[in-house]
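Keep in mind the model is a prediction, meaning the values are calculated, not measured. No hydrogens, no waters, no symmetry mates; every other heavy atom, side chains included, goes into these values. Residue numbers start from 1 in every chain, and the chains themselves are labelled A, B, ... in the order their sequence lines are given, proteins ahead of strands.
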2 protein chains.
Amino acid sequence: MGNPLNLPFDPIERAHDNWSQRWGASPAMAAVTSLMRAQQILIGELDGALKPFGLTFARYEALVLLTFSSSGSLPLGKIGERLMVHPTSVTNTIDRLEGQGLVLRRPNPDDGRGVLAEITEAGRGVTEEATRTLLDLDFGLGCYSQEELWRMHEMFVRLRVDFGDFPAPAVEAVRRS
Amino acid sequence: MGNPLNLPFDPIERAHDNWSQRWGASPAMAAVTSLMRAQQILIGELDGALKPFGLTFARYEALVLLTFSSSGSLPLGKIGERLMVHPTSVTNTIDRLEGQGLVLRRPNPDDGRGVLAEITEAGRGVTEEATRTLLDLDFGLGCYSQEELWRMHEMFVRLRVDFGDFPAPAVEAVRRS
DNA sequence: TTTAATTATTAGGAAACTTAACTATCAGTT
DNA sequence: AACTGATAGTTAAGTTTCCTAATAATTAAA
């Protein structure tokens, strides 16, 4: 359902109009509904673009994260923390990437309980190609200007801080607005 | 993973900083990543709030849609169209709601192939209660002002139009900004 | 040192999406 | 009137991500 709908009207606008008559205008209801749809569209777009590489956006993010590490490897727990996904999802993600030869598991020398995921050369290659593809796509957000994108990002920072992802950033970090 | 992360830093900001060093600043990358996280937080919040009613946000939306209809019933296909979900997901959603006694299936008198989902009295009651709960929650968006929420909504309208959900709205529809 | 916490995996299940095949029925054409 | 093609809904199999809970191994703290 990431596909074009081609409806003659905006179903969210119409839902909100009906909603207003019973419960009063709720910009929050309109915003949350259209945010959900936007996410659905974008994940469809990104996953579609990554399909030729055998990747999903989640798996792509894991690969990119590994390339950021100087050793090319990270404990699985760290990966989950950084990507904000559940430990069982990390296991699954790394399972797949390992099966594709883009990553390999090694015991963590610093922690006998732990496991490192290490990106392979093939993994690095795929990451580069996939990144070029996504950049060409503007990550699906080509209809926005740079300024709008930063504004959107900062809008979400507020939400994420509010829900306890991390402490409110220092003021200088909001310079780009 | 809709839970608070309580990290000492913003993992998305950090990822973007690393990203910038290799591929250059990409506000689109930052925006899409934080949008995904925002969606994850919000769906967790909404589903959590609806759990006491035995609902998910998707099932709640289906109920609300039915209450909007004068007859309290709609063909399943229409439901999928309005909620922008896949036909097989509609079948599943209505299966669940029917199992809970909130909805019942009837043959569509106007189309021998079709099926109507009709909301029950129990369904109407649950919808009212659930709605009050979500309104109290501001749909998880309590950290924004009304103006910001409309701006956010309109931002997503642009994306949705761009991806062919529906034709660009007339200018008067953007009056609230 | 005993206890408690952490790391990762496994298993079972929910929810939503995808593709594909299938039944019925409708609608347009010849 | 019959044939063809499209539509409505279901079913099935498989993917993804989440959840809870249990487990084994190891580490850290009391």
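- Of the possible polar contacts, one joining the A/W19 side chain to the A/G24 backbone as a donor-acceptor pair under 3.5 Å is found.
- Mapping A/D110 and A/T56 onto DNA chain D by nearest heavy atom places A/T56 closer to the 5' end of the strand.
- Nucleotide D/dC18 holds its P atom 17 Å from the CG atom of B/L46, rounded to whole Å.
- Computed from coordinates, the B/D47 CG to D/dT17 C1' distance equals 13 Å when rounded to whole Å.
- Residue B/T93 has no polar side-chain atom (N or O) positioned under 4.0 Å from OP1 or OP2 of C/dA15.
- Clustering ILVMFWY residues whenever any of their side-chain heavy atoms sit less than 4.5 angstrom apart, transitively, puts A/I119 in the very cluster that holds A/V64.
- Here the P atom of nucleotide D/dG14 and the CG atom of B/N92 are 18 Å apart, to the nearest Å.
- When heavy atoms are screened at a 4.0 angstrom cut-off, B/S89 is found touching base atoms of the nucleic acid.
- Residue pairs satisfying the salt bridge (charged side-chain N to carboxylate O under 4.0 Å, His left out) criterion with at least one member in residues 136-147 of chain A, sequence neighbours excluded, are absent.
- A straight line from CE of B/M36 to P of D/dC18 spans 12 Å, rounded to a whole angstrom.
- B/R37 places its CZ atom 13 Å from the C1' atom of D/dT17, with the value rounded to the nearest Å.
- Within the structure, a side-chain polar atom (N or O) of B/R59 is placed less than 4.0 Å from OP1 or OP2 of C/dA15.
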Open item on the list: Treating primed atoms plus P, OP1 and OP2 as sugar-phosphate and everything else as base, which nucleotides of nucleotides 1-13 of chain D get B, S or - for protein heavy atoms under 4.0 Å?
Closed with: ------BSSBBB-

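- One hydrophobic cluster, built from ILVMFWY side chains closer than 4.5 Å, cannot hold both A/I94 and A/L104; they sit in different ones.
- Between A/W23 and B/F68, the ring planes are tilted. Angles from 30° to 60° get that label.
- Taking atom NE2 on A/H86 and atom P on C/dT6, their separation rounds to 15 Å, with Å as the unit.
- Between the side chain of A/T131 and the backbone N or O of A/T127, at least one donor-acceptor pair lies under 3.5 Å.
- In this entry the distance linking CD of A/Q100 with P of D/dT15 reads 12 Å, nearest Å.
- Although no hydrogens or angles enter the test, the distance criterion places no donor-acceptor pair under 3.5 Å between the side chain of B/S73 and the main chain of B/S69.
- Rounded to an integer number of Å, the gap from A/E98 CD to C/dA8 C1' is 13 Å.
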